[in-house]
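Labels below follow one simple rule: chain letters A, B, ... track the order of the sequence lines, proteins then strands, and each chain is numbered from 1.
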Amino acid sequence: MKQTKLWVWLLVLSFGALVFWRSGFCDFSREALYPYENALGWFERTFWLRAQAVFSRARQASRNAMLERDVARLQLVAGEAEALEAEVVRLRALLDFSPPVPCRWLAAPVISRGGTSEVWQRVRLAKGSLHGVRKGDPVVVPEGVAGRVIDVSPHTSEVMLVTDPNSRVSCELEVPGEGVGVVRGILYGGGSIPSADPKLSLLYVVDPLRLRYLTREFEPAPRTRVVTSGLGQTFPKGLTVGYLLESRLEPNGLSREASVMPAVDMAGLDEVFILATGGGHAP
Amino acid sequence: MRLDMNLPVVAFTLFAAALLQDMIPATPALPVKIGFLTAVALYHMLTKPVLVALTALVWAGGVTDALGGLPAFCTISFLLAAYGAVRLLKRMFLEATLVQGTLLVACAAVVQTVWTRAWLGLSEPASVWHALVAAGYAVPAGLVAGCAGFAVCGLIDRVSGNKKPVKEANGILWAETDR
């Protein structure tokens, strides 16, 4: 009888938690799995990569030499960037512009891809609100934009990739052409392109993204770089999102729509950078 | 009060299933998630009393929805419907054997894939096509999940003492006949 009471109470409490404490339940689930998922990543970084390094000394030496050359080159670039930054700050002060939002780069390992369902294009990172991550923070890798943070728990954050069908990013074409001006549009995620003749394709392969509401007068060349416009307030201006494949007029003839190949290989994401507006460690 | 061993078994198996399902990514060879949580929930539905089975399915569904970014009660409602079907099939022929369990999970994985897409309202032609392709891939994923889920849960149930060896008509355990 006591056992029955226990199970009835458990059932009632579980239902109660799901109905009245949904967001807390989501955070609790992620936090419960976090130590184990993070431990696997830590093991890989600490032991597995070192073990691999032992067997590839020669390759490491040549890679080190290459990286040292890169560091020297980047130091020169950083010096120029500092001078430019000082100039920008001075000109901003002269023009009475509002100062840019202070933010920090925060490296974060990927601990889960897609969660327990493959419906959405999401990844989970091992950095959360305790590290200064906030909802809406952009997530990037050296190749370009990966996505943005849509949910945060103390140690983890959920990232919606730009390839998710629900993703929208304000973008523009880089250097569209002589006398064309700025060509802006809204980048829609892939995964749900209506088609009268759907073809068999692996779900794992990402559909091209769609850049919509481009001006109809200008036909952009294939392989044009698509960058963030900075108008959506989420992503800073000028980050690479992808490369244009082809463009065509929309059925209503009012604007142009283009297919865009993402710049980032979403399946290969292991470590990303969060542009944390709420603090974080200095780069 | 003596602890009901079903509680730690349910909690441990669901936790392990959630961890595996969350960590194992979709790959080009198998571009869907392997539904370990559904497999464990179905095992408990087949082998446990009503209250234990209901608690297990609520936890399994809740965690699937929470970690998968799905709307609340999407998976729980599917598992409740599955529980009704399982109880009906149990009266006719269904038993908690490894083979039947594996086939049951494979069928459930296909229905769950379509159910989830329908719940999300993805009704565009390409989305319907994607749902059908995903349902096709759900068969091997379900077979893997069912085989692993039923084998491991059965083992844990035996180790924890929830499942007793079958007695013969004379009252001697099969396990004792070899001694």
* Asked: Which bit of B:I76 is near chain A, if near means a heavy-atom gap under 4.5 Å: side chain, backbone, both or neither?
  -> side chain
Determine whether more than 12 heavy atoms belonging to other residues, nucleotides or ligands lie under 6.0 Å from atom [atom1] of [X].
X	atom1	answer
A:R248	CZ	yes
A:K135	NZ	no
B:F15	CZ	yes

* **Top contributor to chain B interface from A:E158, A:E37, A:R122 [non-hydrogen pairs under 4.5 Å]** => A:E37
* Asked: Given a strict heavy-atom distance threshold of 4.5 Å, which part of A:L40 is in contact with chain B: side chain, backbone, both, or neither?
  -> side chain
* **Engaged part of A:R22 at the chain B interface, taking heavy atoms whose separation is under 4.5 Å** => side chain
Residues 261-274 of chain A, side-chain donor-acceptor partners within the protein, below 3.5 Å, at least two apart:
from	atom 1	to	atom 2	distance (Å)
A:D265	OD1	A:A267	N	3.3
A:D270	OD1	A:R113	NH2	3.0

* Structure fact -> Taken to the nearest 0.5 Å, the spacing of A:R124 CZ from B:M23 CE works out to 10.5 Å
* Taking all heavy atoms of A:T116 and all of B:Q21, pick out the closest pair and write down the distance. => O-NE2, 2.8 Å
* **Under 3.5 Å donor-acceptor, B:K33 side chain and A:G114 backbone** => no
* Selection from B:N6, B:T75, B:I34, B:L7 maximising heavy-atom pairs under 4.5 Å formed with chain A -> B:L7
* So which bits of residues 53-74 of chain B come within less than 4.5 Å of chain A, counting non-hydrogen atoms only? -> B:L54, B:T55, B:V58, B:W59, B:G62, B:V63, B:T64, B:D65, B:A66, B:L67, B:G68, B:G69, B:L70, B:P71, B:A72, B:F73
